[in-house]
Q: 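My structure is below; once you've seen it, I'll send some questions.
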Amino acid sequence: MASAGESGDGADGKGVTTITIISSDNEAFEVLEAAASMSLTIRHLIEDGCADGGIPLPNVTAGILAKVLEYCSKHVAAVAASSEAGSSSNAADAAAAPEKEEDLASFDKAFIDVEQDTLYDLLMAANYLEVKGLLDLACQKVADMIKGKTPDAIRQTFKIKNDFSPEQEEKIREENQWAFE
Amino acid sequence: MISVSRRMSASGDPLDALPSAVLADVLGRVADAGDIAACRLASRALFSASYQCPRVRLCAADRARSRLEGRGGGGGGSPSFRATVGNLASLLGSHLWSLALDAADGQGSPDDAMWVEEGEFDEADDLHLTSGEAVAAWAATSAGPVLREVEIADFWPQACWRKAEALPLISHFCPSLVKLGLRKAWLSVDGLEKMPNLTHLTLEFIRLDDENLDKLNECFPCLHTLNLIGVGGLKDPKVHLPQLKTCRWEVSNIPGSLAVHAPNLVFLDLKCVRPDRLILDTPSLSTMKLTIDKLGATVQVDGLVSLINVHIESLDLSSLFPVFIDNRAISTLELELPDSASQYELLQEVNHPDYLLRTLASISEVKLAPRFSSELIRCLALCRDNQFRSSLKKLLIHIPPSDCTFQLLPLFQICAPFCKVTVLFHADSSDDIRQAAMPIWIESFPEIRWQWGPWK
């Protein structure tokens with residue numbers, strides 16, 4: 001995927017359109033336009049004719065961009081396969097649909113099982129690039145890391161230093177008792 | 001709102017780097033109010049984002065438990081559960097779009113709501129969440145007009161013996177509501193206003209003072225999904241909803257007639273007892289699950305022109321097959337018997353087992369659930385005729401633990417060439433039985449594609 005190239009038609013000669021996306025550290029990624037368009041941010045840039053020569057993303061490093069594009073490519077391929085199965089008269093294709101959904105769910109689970117720093121970077125990138133599915137996945141991951149934990153356990157999980165003063169903490173507890181507990 | 005200054009420390013709170021809207025999204029997925037309270041104490045970033053939390057769930061039992069364990073705010077000064085809900089809605093205001101309240105407990109039947117035995121009901125109202133006062137506490141805040149989802153599970157001992165105004169108040173204060181779920185309450189419809197944005201409604205274990213569903217039909221005209229599970233107080237209910245697509249309806253034996261008029265309905269799951277009249281005016285219905293003791297004298301289902309998937313749980317097959325299966329283009333049929341069915345009842349019900357086999361052979365895909373499988377196997381010994389055309393391309397059967405494998409031959413004989421047959425052996429059945437049967441079947445029916453598996 002990390003190969004330099006210009007946007008244009010038929011990189012593989014099959015009539016599919018690819019575009020080039022350039023990370024903040026100047027690494028270029030050539031991807032299918034359909035995959036890149038899972039990002040609303042990129043889709044708008046393409047629609048506005050800003051894709052020529054590559055789309056620069058000054059806020060996203062190569063490592064994270066690679067991950068985001070991996071997610072988008074996998075999901076766009078799954079959507080394409082699912083529409084083929086839907087329009088196919090082949091019963092085997094239709095029967096395989098739930099298995100393919102399971103494959104995608106397994107992919108997502110493995111994909112988001114990353115170090116915390118990478119998770120935050122993915123969250124930021126998904127938010128900036130407006131990749132809804134990835135943002136949902138990453139937010140859900142963080143939420144699952146929080147559920148059922150005490151404040152101390154949450155701080156430990158996310159390596160948060162407790163810098164509330166005793167007075168601030170007391171006010172928060174009062175408000176918690178009033179509205180949350 | 002408390003003002004707490006945020007120090008941007010590089011290592012103090014790594015969540016600081018994330019946008020507040022993203023953290024609010026995270027908190028909305030956490031949803032549990034107790035967990036959100038813990039987040040507010042753990043992190044400045046989460047504390048700030050908590051005021052924008054879009055979704056919260058409060059559970060009275062969890063709250064009581066955490067107070068007993070000393071985790072939550074304790075003591076006599078803490079507000080009641082109902083007051084807490086109101087405070088929360090005021091605090092989050094127009095950021096809150098989903099609210100779930102759970103005070104469920106207790107038992108009883110919605111039809112008997114007025115006649116609960118002394119000692120089974122509670123005269124207090126601190127957990128009566130569907131009462132007018134309790135609903136107004138949160139609905140009349142700035143959250144009301146923006147809320148899109150509300151779910152309330154009421155406390156049955158307090159809710160069962162008094163009619164509540166939840167529905168009219170919600171219809172008045174929450175015009176943007178898309179999804180509403182109410183459980184375990186007695187609900188009035190007096191003063192109910194139209195809710196044109198509501199597309200999903202679930203009423204579960206409810207006594208509803210709308211005996212024919214007239215008010216429901218009038219005020220919720222845009223429903224796509226309707227779940228009426230254990231809704232009592234009905235007399236001759238008619239679901240009349242032009243945009244309904246999915247309906248789950250579980251009703252007791254009290255209503256004399258049931259009717260569904262829904263031109264766009266595609267999925268219906270109907271559990272009933274013995275309605276005298278059953279009317280299904282549902283020309284788009286493609287999938288129907290029907291659990292019924294007995295079909296009544298009056299059945300109007302002429303309009304079921306799109307029906308292709310049928311699931312029946314009943315003994316009354318001699319009435320149901322002519323109405324729902326014969327002369328229709330059904331492609332998938334699932335059959336099960338009620339729990340209460342005793343041995344040989346299926347045999348008594350179906351005078352001619354050959355008719356049963358002929359019906360199964362006319363369907364492309366058949367799934368036989370455990371109880372039905374067991375009883376069908378008893379019938380197969382009496383089958384004489386298997387010389388008829390078969391459309392059966394896929395068959396699934398559950399074999400009971402006993403050794404009855406030799407009795408299955410008439411069933412396999414009706415399979416079309418290259419039929420895919422899945423045989424699920426009971427987990428307690430002996431290996432010897434399986435290992436003896438499988439080669440015989442494979443050899444006797446070389447055109448069948450076999451799959452095996454366990455069930456329990």
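Chain A is the first sequence line, chain B the second, and so forth, proteins listed ahead of strands; every chain is numbered from 1.
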Q: side-chain contact (heavy atoms from CB on, under 4.5 Å), that's the test. Do A/F180 and B/T84 meet it? Break it down for me.
A: CA-CA 7 Å; A/F180 289 93; B/T84 300; over 6 Å; no
Q: In this structure, are over 12 heavy atoms from other groups packed under 6.0 Å from A/K147 atom NZ?
A: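 Atom NZ in A/K147 is packed in, count exceeds 12.
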Q: Determine all donor-acceptor pairs shorter than 3.5 Å in which one atom belongs to a side chain in residues 21-34 of chain B; sequence neighbours excluded.
A:
residue : atom : partner : partner atom : Å
B/D25   : OD1  : B/R29   : NE           : 2.7
B/R29   : NH1  : A/Q140  : OE1          : 3.3
B/R29   : NH2  : A/D136  : OD1          : 2.8
B/D32   : OD2  : B/G34   : N            : 3.1
B/D32   : OD2  : B/D35   : N            : 2.9

Q: To the nearest 0.5 Å, what is the distance between CZ (B/R40) and CZ (A/R173)?
A: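 Those atoms lie 11.5 Å apart.
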Q: Quick one: CG on A/N176 to OG on B/S50, what's the gap to the nearest 0.5 Å?
A: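 Taking CG in A/N176 and OG in B/S50, the distance rounds to 8.0 Å.
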Q: Quick check: do A/I154 and B/S43 have side-chain heavy atoms less than 4.5 Å from each other?
A: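 Not in contact.
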Q: Could you list the residues that satisfy side chain to side chain donor-acceptor pair (under 3.5 Å) with A/S23, not counting sequence neighbours?
A: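 Testing A/S23 for side chain to side chain donor-acceptor pair (under 3.5 Å), a comparison that skips the adjacent residues, returns A/D25.
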Q: How would you list, in number order, the residues of residues 114-122 of chain A that have a heavy atom less than 4.5 Å from chain B?
A: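 Hits under 4.5 Å: A/Y120.
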Q: Measure distances from A/K149 to the heavy atoms of chain B and classify the residue's part below 4.5 Å as side chain, backbone, both or neither.
A: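 The backbone, not the side chain.
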Q: What is the distance from atom CG of A/N127 to atom CG of B/L18, rounded to the nearest 0.5 Å?
A: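 With rounding to 0.5 Å, CG (A/N127) is 9.0 Å from CG (B/L18).
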Q: Quick check for you: among B/L46, B/N87, B/V85, B/L92, which has the greatest number of heavy-atom pairs under 4.5 Å with chain A?
A: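 With the most close heavy-atom pairs to chain A, the winner is B/N87.
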Q: With sequence neighbours left out, write down each residue that passes ring-ring contact (aromatic ring centres under 6.0 Å, His included) with B/W455, or none if nothing qualifies.
A: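 Here the qualifying residues are B/H398, B/H426.
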Q: Which atoms of B/L58 are under 4.5 Å from chain A, going by heavy atoms: the side chain, the backbone, both sets, or neither?
A: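 Just the side chain, heavy atoms under 4.5 Å.
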Q: What is the minimum heavy-atom distance between A/P151 and B/A42, and which atoms define it?
A: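 That would be O-CB, 3.5 Å.
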Q: Using 0.5 Å steps for rounding, measure from the CG atom of B/L88 to the CD atom of A/E175.
A: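 Spacing of CG (B/L88) from CD (A/E175) equals 10.0 Å.
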Q: Could you give the distance from CD (A/E181) to CD1 (B/I36), rounded to the nearest 0.5 Å?
A: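 It comes to 11.0 Å.
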